Amino acid sequence: MNERIFTLDDLTGVRSVCGCLACNLSAVFADHLTALRTGYPGTVTMLGHRGAAPGTTAVPHFLAVRLNSGLVDVVVREEMRPDQLRAWLPAAGTRARVPQLAARIPRLVRVRQAIRAGTFIPSGPAGAALSTGGRYPSFRFLVEHWPTLEKEFTP
């Protein structure tokens, strides 16, 4: 059986104006990111080449994309207004960590890859949440459990 390769243009049904992966992924995963949002029925505005608009926060989401026989971590950023961020992360302390950790994506990806590979298993509430949530922790999981993860993870 032949394998059909879909381009991003095939998935979005439009001809891309920009070849940037972030811009193309924003079109492909906009519905997925809307589904990831909890407690806020708004639409998703994706970021392309610019930073977050004034008064908003750029929130990264990790996606695992199968590439040949391996998985590649892709980061898609979502722009959230303060009310959206509060609905997504109710705890004020956790929300305060978002900008700091959004700037540390390479480290977060290493933590996520170690968890996925089984070479790092956090303890306490983070470990318990991980055991019920699977081995592909989201950015939200990493932000919520960052104090524990930061103390325990050694690359």
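Keep in mind it's a predicted model, so treat the numbers as computed, not measured.
Taking the six-membered ring where tryptophan is involved, the planes of Trp88 and Phe139 are essentially parallel, since the angle between them stays under 30° and well short of 60°.
The two residues Pro122 and Ala126 come nearest to each other via the heavy atoms CB-CB, 3.9 Å. Taking each heavy atom of Gly55 and Pro82 in turn, the nearest pair found is O-CD, 3.1 Å. When all heavy atoms of Arg140 and Pro90 are compared, the closest pair comes out as NH2-CD, 4.3 Å. Summarising the geometry of Thr57 relative to Val98, their closest heavy-atom pair is CG2-CG1, 3.7 Å, with the distance given to 0.1 Å. Scanning all heavy atoms of the two residues, the minimum distance from Ala129 to His145 falls at CB-NE2, 3.8 Å. The minimum heavy-atom distance between Leu89 and Glu144, with the atom names listed, is CD2-OE2, 3.9 Å.
A distance of 6.5 Å separates CZ of Arg95 from CG of Leu85, quoted to the nearest 0.5 Å. Interatomic distance, Arg81 CZ to Arg86 CZ, rounded to the nearest 0.5 Å: 10.5 Å. Phe62 CZ to Leu142 CG: the interatomic distance, rounded to the nearest 0.5 Å, is 6.0 Å. Separating the CZ atom in Arg110 from the CZ atom in Phe153 is a distance of 7.0 Å, to the nearest 0.5 Å. Summarising the geometry, atom CG belonging to Leu130 is positioned 9.0 Å from atom CZ belonging to Phe120; distances are rounded to the nearest 0.5 Å.
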Checking side chain to side chain contact (heavy atoms under 4.5 Å, CB included) for the pair Trp146/Val143: CA distance, chi angles, key distance, verdict? CA-CA 5 Å; Trp146 185 248; Val143 170; 5.8 Å; no
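When side chains are defined from C-beta on, Glu152 counts as touching Ser123, because their heavy atoms get closer than 4.5 Å.
The residues Arg97 and Glu150 are annotated as not salt-bridged, no charged nitrogen and carboxylate oxygen being separated by less than 4.0 angstrom.
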